[in-house]
Number of protein chains: 2
Amino acid sequence: MGVIPRKDGLASADRSQDPQHCPDAADPRIEALVHDLIGRVADKWTMLILELLEEKGELRFTQIGKLIGSISQKMLTQTLRHMERDGLVIRTVHPVVPPKVEYRLTELGQSLGAAFCGVWIWAERNLDAVEEARRTYGEPPHPRG
Amino acid sequence: MGVIPRKDGLASADRSQDPQHCPDAADPRIEALVHDLIGRVADKWTMLILELLEEKGELRFTQIGKLIGSISQKMLTQTLRHMERDGLVIRTVHPVVPPKVEYRLTELGQSLGAAFCGVWIWAERNLDAVEEARRTYGEPPHPRG
DNA sequence: CGGAATCCTCGATGATACTG
DNA sequence: CAGTATCATCGAGGATTCCG
C-alpha cells in the first residue's frame, strides 16, 4: 500500500546506469576542478532549466519561469546568466518592443543534459527503494518483541 | 597556453554520455519526488563520499574525514546519517574500545555512484570547454576593432 | 517583457566544547 | 574514536521596487 501507481515512463526506459565502476580522477588538481565544476552545474535550478530547454527547444524568459513555477525572478536570471557564461545556453535578444529574449541549449548544454540523464533515471527507478529505506530507518535489525 | 597538461585518466575513458534524449517524467507528482530526491543525493559531500567508498570499499569515520580533507566533523556525521537513512550506506559499529565504526556502500549506493559516473566524465571531458566559455563570456560576437 | 538593485530572512555550514 | 550539543556566521535565495 502507499505505492504510487506511476506511468513507468522513465522507469522502464532503459538501463543507462549499469553498475560500472567509475574510475577516479588520477590528478588531484583535475579532481578539484571537476568537483568545482560539478558544484556549479549540479545546481537545482540548472538541472530543471536544462531539462526544460532540452524538451522544449527554445523558450522566453517568462516562459521558463512559468513552466518551472516555483523559481523566483532573481534566481531565474542568475541561473540563466551562469548557464550562459558556462556555455550551456545561448541567449538571444530580439530588438522589439516589448522586449523578447529567448534561450536555447548549446551543444555543451545538451551533452550535460544527457549526462544527467543517468541520475534522473536512477532517481526514478529507486524512488521506492529510498522511501522504503527511510521508513525502516531506525528500526532494530532484529525486533526481539 | 594555460592549458593544464592532464593525465587524461578519465577523459579518454569511454563515451558514456552519448547525446541521448532524456525523456521527462510523465507524471508531475513523480517529477516532484524525483526532483526532491535528486536535491538530496546530488549534494556536494554525498557525491564525494560516494566516490570514496566506491573506491576504497569500507572506511572508518575518521578515515573518510581525512581523505576528504576539507569536510567538518559535523557535516561528515550529518551526511553519513542522511546517506544511511536513504539506504546508500551501511553503518557498522564494532563494540570495542576505542570505538570503531565502519561505513560501506549498499547496492543502492553503488548504483547511484554509477549513475553519477556520467556526470563526472562529462565534467572531466568538458572542463576546458567550460573554462573557454567563461573566458570569452562578455566579448562581442564580432569585434569590429 | 526582461531584467537590475535593494533589503531581509533563514538555513547550511563551521568552530568549539563536552561525552561515552 | 566517534560522535552530540551549542553558538556564530555567512551567503543563498525570496520579496519588493524601479527601469529601459
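Order of the sequence lines fixes the chain letters, A, B, ..., with proteins taken first and strands second; residue numbering starts at 1 for each chain.
More than 12 heavy atoms of other residues, nucleotides or ligands sit less than 6.0 Å from atom CD of B:Glu58.
Between B:Arg135 and B:Glu132 there is a salt bridge, since at least one side-chain N of the basic residue sits less than 4.0 Å from a carboxylate O of the acidic one.
Closest to the side chain of B:Ser72, from the set C:dG14, D:dA2, C:dG3, is C:dG14. Here the nucleotide nearest the side chain of B:Trp45, chosen from C:dG14, C:dG3, D:dT4, is C:dG14.
At D:dA2, none of the side-chain N or O atoms of B:Tyr103 fall inside 4.0 Å of OP1 or OP2 (strictly under the cut-off).
Put simply, the side chain of A:Leu53 does not reach to within 4.5 Å of the side chain of A:Arg104, judged on heavy atoms.
Summarising the geometry, the separation between NZ on B:Lys44 and P on C:dG11 is reported as 21 Å, rounded to the nearest angstrom. Protein atom CG of B:Asp43 is 10 Å distant from nucleotide atom P of C:dA12, rounded to whole Å. Summarising the geometry, the separation between CD on B:Glu84 and C1' on D:dA2 is reported as 14 Å, rounded to the nearest angstrom. Between the CD1 atom of B:Ile71 and the C1' atom of D:dG3 there is a distance of 14 Å, rounded to whole Å. Between the NZ atom of B:Lys74 and the C1' atom of C:dG14 there is a distance of 7 Å, rounded to whole Å. One interatomic measurement links the two molecules: CZ of B:Arg91 to C1' of D:dG3, which rounds to 8 Å at whole-angstrom precision. Atom CG of B:Leu76 is separated from atom P of D:dA2 by 10 Å (rounded to the nearest Å). As rounded to whole Å, 11 Å separates atom P of C:dA4 from atom CG of A:Leu80.
In the interface, the side chain of A:Gln78 is not paired with the base of D:dA12 through any donor and acceptor atom under 3.5 Å apart. With hydrogens and angles ignored, no donor-acceptor pair under 3.5 angstrom links the side chain of A:Gln73 to the base of D:dG14.
B:Ile90 and A:Val130 end up in different hydrophobic clusters when Ile, Leu, Val, Met, Phe, Trp and Tyr side chains are linked at under 4.5 Å.
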What donor-acceptor contacts under 3.5 angstrom involve side-chain atoms of residues 40-50 of chain A, with partners at least two apart or in another chain?
residue, atom, partner, partner atom, Å
A:Arg40, NH1, A:Asp86, OD1, 3.1
A:Arg40, NH1, A:Asp86, OD2, 3.0
A:Asp43, OD2, A:Trp45, N, 3.1
A:Asp43, OD2, A:Thr46, N, 2.9
A:Asp43, OD2, A:Thr46, OG1, 3.1

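With DNA chain D read from its 5' end, the first of the two nearest nucleotides for B:Thr77 and A:Pro99 is the one closest to B:Thr77. Two residues, B:Met75 and A:Arg60, neighbour DNA chain C, and the one matched to the more 5' nucleotide by heavy-atom proximity is A:Arg60.
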